[in-house]
Amino acid sequence: MIFFMKATKLYAPTLRESPAEAELVSHKLMYRAGLIRKAAGGLYSYLPLAWRTMKKIMQIIREEMDAKGGQEVMMPIVQPAEMWKESGRWAVYGDEMMRLKDRHGREFALGPTHEEMITTLVRDEVRSYKQLPLMLYQIQNKYRDEIRPRFGLMRSREFVMKDLYSFDRDIDGMNISYQKMYDAYSRIFERCGLKFRAVEADNGAIGGGHSHEFTVLAPSGESSIAYCEKCDFAASDEKAELKIIHAEPEELRPLEKVLTPDCHTIELVKNFLNVPIEKTIKAVAFMDDDERLIVAFVRGDHDVNEIKVLNAVEGANHLYMAGEKLIADANSCAGFMSPIGLKDSAIVIVDQSVMLMSNAVAGANEVDAHFINVTPRRDFDAEKIIVADIRMVRAGDPCPHCGAPLKMTRGIEVGQVFTLGKKYSEKLHATFLDEDGKVKPFEMGCYGIGVGRTMAAAIEQNNDKDGIIWTRAIAPFEVVVVPVNAKDDKQLAFAEKIYNELKSAGVDVLLDDRKERAGVKFKDCDLIGYPIRITISPKTLESGNVEVKVRRSGEFMNFARADVVKNILELLETL
RNA sequence: CGGGGCGUAGCUCAGCUUGGUUAGAGCGUCUGCCUUGGGAGCAGAAGGUCGCAGGUUCGAAUCCUGUUGCUCCGACCA
């Protein structure tokens, strides 16, 4: 698909200033460059420039999905409540799902995702293992009534998303499909010119096997990831597993209770007792949906990873901060908690590294008192506690694969792949008849890419003070031809010739034929971020050459008239 | 859902504390002139029920109440 156009006809209202509400660079630039306009909170119109880029990203996605055997379908956005009730998610999804009723009072939802839709589609049509594996995908609007839409297209309520669903006869097949998608995703984001990492992710409530998030590295990103420079390990902060920290052996001293007036924080205790923070044990009290008290213990200088706690405590779905009463009921008080003497009603979970500490400081479960010389493996009741890796990774922790110090960075999650297993096929009774004559549910996988978010991430990662810097593959136009004075017929005619030649050569080219001053047009070009600008002026007319400016490097070059098309094509290959 | 901020022209904002002719500026838009290598200049013009509703007052953009929308922080987030 080739785009070409004259700027006088292009609807791209650029602004000198950006709206006050825009915070992220990408959001500001999309607004200023005339890419998007807001209709309401989290709801945006894509103007022609943005939509061209979106279409290019979607095309790249289509090519890579098709290359792996994916087939594109289109499914309803308006989805009947029945299938959501059948899967159990009508209740689970909560306020985030946009719901509506038709004139007969029947309930529907605007699809936040399409597992139910695709699974019910396939269950009625696929009966035999001979029809597997099957990979179907769709690119269309999804709806999530975000509590707090923000950052423009990064977190909106209506967004364009690609979702592919795989159906396999067994886990091996599912893993092959997963690997195919993992590879396809890597290619997609490479082709989009993004710097990204595929990070191990928690697939939480969805259950099942493995999951990777494809995260574009950007300081403004909402997710935090840990990665290793020595090996290829990368994981979201919530997922990153940690090894046990071995403490130096030392002579054990007997447990002792001491007074610590007003020392209700680790900082205060540490200073009052004059011990290093590594010798303290910190308690964090949570409760779950059933109002069970869950107390997590980590080293004083560590933080609790709530996701790991959730995964370690059977039956817990959500964690909330525990109230004082709940803590008091367990025979303790906030600021002075420890597993020693805590009532059995409390679920105690202790970080694996804490168990190796010796002669440490922990609360005494009464106001203004702590224990010293706590040695968990001796003093904690092993029968009543859960020991697990529950701490939050931080920069410098050893890589779980190779031991090198980990680095932390922030990123924008643009895609996620995960295996679903039988979760939906079982609930929705989507089965096939296998070779052995048995009825089995499909092994499924689900693979999403946020298209708008990918565009926003590309801008977030590629911009300078003047505006957007598009990678050629997803630029709305690859080349812009600018006659500095479009009122000069000679310049305009010459520019039009170059424009036509590039057009014929298959280049996405825009002719900026607006009768604006040169400065205005140059500013717009830089703001919108076309990879290459060709300038036509009295100077270039005289010399017979054309001047070319590369947006990313700011480099100027001169091409001989006869070589323009050839040289531009070559130059584009490098952008 | 809790806490803060904001809502005045297409955009960015001033005016509000201390109520008083016809509500302002810059940018943008339109017309004319001029200019054409980095948002230039001159002259003129259009454009606002001051978010909405109610109240106080002789009089409300300004004070009070309610409401709605946006926004930031927190909580939450397949």
Side-chain angles (χ1 to χ4, degrees), chain A residues 13-24 27-28 31-34 37-43 84 87-89 92-97 109 111-116 142-152 154-157 159 161 163 165 201-208 211 213 222-223 236 238 286 289 306-307 310 317-321 413 415-420 423-424 446-448 450 465-467 482-488 490-492 512 514-528 533-541 547 549 554 556:
Chain A
T14 56
L15 298 172
R16 206 183 290 207
E17 290 165 302
S18 50
E21 70 206 42
E23 268 208 299
L24 282 193
H27 189 192
K28 287 182 186 163
Y31 227 103
R32 285 191 53 209
R37 286 295 184 266
K38 186 171 74 173
L43 300 171
W84 287 86
S87 75
R89 292 210 290 180
V92 174
Y93 232 100
D95 294 335
E96 205 170 303
M97 190 149 68
T113 174
H114 279 69
E115 280 90 4
E116 281 78 2
K142 312 260 172 169
Y143 296 82
R144 282 178 208 174
D145 197 357
E146 292 283 347
I147 291 175
R148 197 177 146 201
R150 57 184 140 171
F151 304 143
M154 290 291 186
R155 185 167 288 272
S156 51
R157 294 195 288 177
F159 51 96
M161 188 162 171
D163 256 328
Y165 298 94
D202 186 85
N203 53 356
I206 207 109
S211 170
E213 286 171 2
E222 287 191 278
S223 47
S236 67
E238 291 174 340
F286 301 101
D289 284 324
E306 295 184 27
I307 299 292
L310 269 182
N317 288 319
H318 289 280
L319 288 183
Y320 312 88
M321 295 316 274
E413 184 195 333
Q416 182 166 18
V417 293
F418 49 90
T419 52
L420 297 169
K423 182 180 166 92
Y424 293 96
C446 154
Y447 317 86
K465 64 172 172 42
D466 294 316
V482 184
V484 293
N485 183 359
K487 286 181 185 166
D488 177 345
K490 272 189 250 157
Q491 283 180 46
L492 188 58
D512 196 344
R514 293 176 301 163
K515 295 176 173 42
E516 291 284 354
R517 294 169 55 85
V520 173
K521 296 203 274 194
F522 291 159
K523 287 285 185 195
D524 270 351
C525 289
D526 288 347
L527 178 60
I528 294 169
R533 186 184 91 200
I534 298 177
T535 316
I536 307 301
S537 70
K539 269 185 284 178
T540 66
L541 280 181
E547 177 189 284
K549 185 190 180 191
F556 284 92

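Keep in mind that what you see is a predicted model, and the values were worked out from it rather than measured. Lettering of chains follows the sequences in order, A, B, ..., and the numbering in each one begins at 1.
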Task: B:rG48 and B:rC34, which share atom name C1', separated by this distance in whole Å - done: 32 Å

TODO: Can you check each nucleotide of nucleotides 30-42 of chain B against protein heavy atoms at under 4.0 Å and return B for base, S for sugar-phosphate only, - for none, in 5' to 3' order?
DONE: -----BBBBBB--

TODO: Tell which nucleotide pairs with B:rU18, taking only Watson-Crick or G-U wobble pairs whose two distances are both under 3.5 angstrom.
DONE: none

Open item on the list: Only pairs with both distances under 3.5 Å count, Watson-Crick or wobble alike; so what is the partner of B:rC1 in this structure?
Closed with: B:rG74

Task: Salt bridge present between A:Lys423 and A:Glu115 (N-O < 4.0 angstrom) - done: no

- [ ] Under 4.0 Å between any heavy atoms, over every strand shown, what does A:Met161 touch: base, sugar-phosphate, or nothing? Just pick one.
- [x] base

Open item on the list: According to salt bridge (Lys or Arg N to Asp or Glu O under 4.0 Å), who are the partners of A:Glu23, at least two apart in sequence or on a separate chain?
Closed with: none

Task: Minimum-distance nucleotide to A:Glu21 side chain [options: B:rC77, B:rC70, B:rC76] - done: B:rC70

TODO: Could you check how far CD of A:Glu222 sits from P of B:rC73, rounded to whole Å?
DONE: 10 Å

Open item on the list: Please name the nucleotide paired to B:rU65 by Watson-Crick or G-U wobble geometry with both distances under 3.5 Å, or report none.
Closed with: B:rA53

Open item on the list: Please determine whether a side-chain nitrogen of the Lys or Arg among A:Asp488 and A:Lys490 lies less than 4.0 Å from a carboxylate oxygen of the Asp or Glu.
Closed with: no

Open item on the list: Check this for me, if you would: do A:Lys38 and A:Glu21 make a salt bridge, where the nitrogen-to-carboxylate-oxygen distance has to be below 4.0 angstrom?
Closed with: yes

Open item on the list: Using Watson-Crick or G-U wobble geometry with both distances under 3.5 Å, which nucleotide pairs with B:rU31?
Closed with: B:rA43

Open item on the list: Rounded to whole Å, how long is the line connecting atom CZ of A:Arg150 with atom C1' of B:rA75?
Closed with: 11 Å

Open item on the list: Just the rounded figure in Å: distance from P of B:rC13 to CD of A:Glu17.
Closed with: 8 Å

Task: Gap between atoms CD and P, on A:Glu146 and B:rG74 respectively (whole Å) - done: 16 Å

